[in-house]
Amino acid sequence: MINISLPDGSVRQVAAGTTALQVAQSISEGLARNVLAAKVNGEIWDASRPIHTDAHLLLLTWNDVDGKKTMWHSSAHLMAEALEALYPGVKFGIGPALDNGFYYDVDLGDHKLSSDDLPKIEKKMLELASLKKEYVRQEISKIEALGFFHNKGDEYKIDLLQNLNDGEITLYSQGNFTDLCRGPHIPNTGFVKAVKLLNIAGAYWKGDEKNKQLTRIYGITFPKQKELDEYLVMLEEAKKRDHRKLGRELELFTFSDKVGMGLPLWLPAGAALRERLQQFLQKAQLKAGYLPVITPHIGNKQLYITSGHYEKYGKDSFQPIRTPQEGEEFFLKPMNCPHHCEIYKSKPRSYKDLPVRFAEFGTVYRYEQSGELHGLTRVRGFTQDDAHLFCRPDQVKEEFCKVIDLVLYVFRSLDFTDYTAQISLRDKEDRSKYIGTDENWEKAEQSIIEAATEKGLRTVVEYGEAAFYGPKLDFMVKDAIGRKWQLGTIQVDYNLPERFELEYTGADNQKHRPVMIHRAPFGSMERFVAVLIEHCAGKFPLWLTPQQVAVLPISDKFNDYAKEVLETLQQLDVRGFVDDSNEKIGKKIRDAEIGKVPYMLIVGEKEAADKAVSVRRQGDGDKGAMPIAAFAQMVQNEVNEKLNAL
RNA sequence: GCCGCUGUAGCUCAGUGGUAGAGCACUUCCUUGGUAAGGAAGAGGUCGGGGGUUCAAUUCCCCCCAUCGGCUCCA
């Protein structure tokens, strides 16, 4: 007999060799029907794999991330089976699960797959799924495995086998399809009730462009058709929210081939929005003791040799510009930190001065490969809401806490309510790739963990994800339709203080090295605005939106009154415009609705007589008439409610 | 940078081996209208760029450029 501990703390005694599925059955038949896989002592297993030792058991269903991933991995096998049925001789690369679905890299020989072929494959997958074939695990020797795939003519699997050791090789089969696979898999194909193959792309074997390019097919599956339908609706919604589309429609930004790819041009409305975001953060930073600094757009090559960035990124940067007479080399600045280090060094520092916090909305330029550019999220020139905090080692935790406060204030003000913090620490095994003393690292890592805990953050710890110069904490937010984005980042850095020989005089009258914290709540203005656009679907919070109010006269007889209304509002810090176009009120309303202006003020004979406005809320319709001042007060209240939450 | 898709008016898109069309937007005029599109007229395109085939290319072929979807990379 073995002991199986369940998450609720209970322990069940079962015969050795009992499977997770059998345990589930002993709990309830309904649960057993929904079990996709199991976590056995923290490792994900097939639900049908016998357990021979005492174990902690967690049953995984569709509600668990790992359950979903197991299903999607199995779906990749299902797709492979369908492909093999439709295109005999097809060879397979790898077919993993993703956060949202799965893909399989395949070599179809001469056959060129197009998106028109996908429905056919989907149909075949559903047909095979309905057979409810079991996924069968089989341990096999390396020799046998090599023989099997040699027979099949699948050179990619043979390539994969080269790096595997005897004793760790398993095959999984379902129906007529057998694949080299570590597993685990769902019990049978019958769980797959809905399939959507999303797109096709080229991908090199093992991601190396020297290798042959395979066809990558992306797909997603669900246990219910309804969930697939919802997912497709979400994809449609995502398309509607695409910041590139909304950016054009709302006239926020544009690109020009003449200016250069990846170099955004901010239009007046977008610039107003961005300025307002900057002012908002600037104000919060001043309150938090930051000192604004300004540095130039270029820096001498020597600066980056000192910082170490030249060695690491020099070849991949925009190439240096030279002074015509002396031939001195300058780089477009790819980050602000080296400049800020030199500001720190501009005078001797005492331990009493620390921390000092230099903040700058600094525009930086980085060479990004042409294929990687994407709207505002991936550009070649962007502005970081950058700041560098220079502090004593004993201040790291407190500074971290303060930065976390600031980041959360930003999130709250912009309605990002769903976020997690990823704590990136050193690789547990290999510490050689990091610089800085063990002692300092230990301290910094502890500081971050304690700060995050103190602030009650929902955290994920990732080992080996730290930068070579220090641990960091990144904020991942979920937007309104459930997509994850990495926004703010806080990083501890031991490298630059070392390289720039930064010092302060301690209470002991000795020289000490400060610790540097890089932080950017937005990350970059460009990327943040892009995420914000998609998060709120272009309907920005009232305090931020470029135009808060559209004043719409019923006819041109009331244009003067409309202008009077606007002037009154502007004096009360409400911003807007008058639509005095020669159109009927219905058209003006429609234009303002499409332009996502939060408030429309309809003014005609009645309003002019009463010195009032008829209020209409975007997306919500008529709110009735009120005096101008009352409306302005309402707007101010709505704005303050959001911004004074700190 | 690599692979694939696409490129026609400001935007969304039709179309053709004989040098182009719609809707919206824009301009002018009529209309003065009460909560999501009033009417009429007009202007607007070297059909991404270059080369080739052809009597003739926006259309067929080649090369570039850019977009999009991926790959690789990301201080």
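Sequence lines set the chain letters: A, B, ... in the order given, protein chains first and strands last, and positions in each chain run from 1.
- When side chains are defined from C-beta on, A:F522 does not count as touching A:V529, because their heavy atoms never get closer than 4.5 Å.
- Rounded to a whole angstrom, the distance from the P atom of B:U16 to that of B:U59 is 13 Å.
- A donor-acceptor pair under 3.5 Å links the side-chain atoms of A:R380 to the main chain of A:E368, judged by distance alone.
- Distances from the side chain of A:R216 to the nucleotides B:C30, B:G34, B:G70 place B:G70 closest.
- Closest approach to the A:R616 side chain among B:U32, B:G70, B:U35 is made by B:U35 (side chain taken as heavy atoms from C-beta onward).
- When the C1' atom is compared between B:A9 and B:C26, the two are found 11 Å apart, to the nearest whole Å.
- Of the candidate nucleotides B:C71, B:G34, B:A36, B:G34 has the atom nearest to the side chain of A:I554.
- Taking the 5.5 Å centre cut-off and the 30° plane limit, the aromatic side chain of A:Y313 is classed as stacked on B:A75.
- As rounded to the nearest Å, B:U12 and B:C74 have P atoms that lie 34 Å from one another.
- Side chain A:N582 to base B:U32: no donor-acceptor pair is found below 3.5 Å.
- Remark: the separation of the P atoms in B:A75 and B:G69 is 22 Å, to the nearest Å.
- Note on A:E399 versus A:R519: no salt bridge recorded, every NZ/NE/NH1/NH2 to OD/OE distance being 4.0 Å or above.
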For RNA chain B, just give me the dot-bracket, please: Watson-Crick or G-U, both distances below 3.5 Å, ( ) intra-strand, [ ] crossing earlier pairs, | paired with another strand, . unpaired.
((((.((..((((....[..)))).(((((.......))))).....(((((..]....))))))).))))....
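- Along RNA chain B, the nucleotide closest to A:G619 and the one closest to A:M261 are compared, and the more 5′ of them pairs with A:G619.
- Rounded to a whole angstrom, the distance from the C1' atom of B:G7 to that of B:U46 is 16 Å.
- For A:D556, counting side-chain heavy atoms from C-beta on, the closest listed nucleotide (B:G34, B:G33, B:A36) is B:G33.
- With B:G34, B:A75, B:G1 as the choices, the nucleotide that has an atom nearest any side-chain atom of A:H309 turns out to be B:A75.
- Among A:Y104, A:Y103, A:W72, the one residue that satisfies the ring-ring contact (aromatic ring centres under 6.0 Å, His included) test with A:Y218 is A:Y103.
- With both ends at atom P, the span from B:A56 to B:G15 equals 27 Å, rounded to whole Å.
- Closest to the A:K587 side chain, of the nucleotides B:G38, B:G34, B:U32, is B:G38.
- Scanning atom types as modelled, one donor and one acceptor separated by under 3.5 angstrom connect the side chain of A:R378 and the base of B:C74.
- Taking the P atoms as reference points, B:G34 lies 49 Å from B:G70, given to the whole Å.
- In terms of polar N and O atoms assigned as donor or acceptor, the side chain of A:E607 comes within less than 3.5 Å of the base of B:G34 in a complementary pairing.
- Within the nucleic acid shown, A:E583 comes within 4.0 Å of at least one base atom, counting heavy atoms only.
- Aromatic ring centres of A:Y367 and A:Y313 lie farther apart than the 6.0 Å criterion allows.
- Between A:F331 and A:Y365, the ring centre distance reaches or exceeds 6.0 Å.
- A donor-acceptor pair is defined here as one N or O able to donate and one able to accept, closer than 3.5 Å; such a pair exists between the side chain of A:Q548 and the backbone of A:R575.
- Of the possible donor and acceptor atoms, none in the side chain of A:Q491 sits under 3.5 Å from a partner among the backbone N and O of A:I517.
- Comparing B:C11 with B:C73, their P atoms sit 35 Å apart, to the nearest whole Å.
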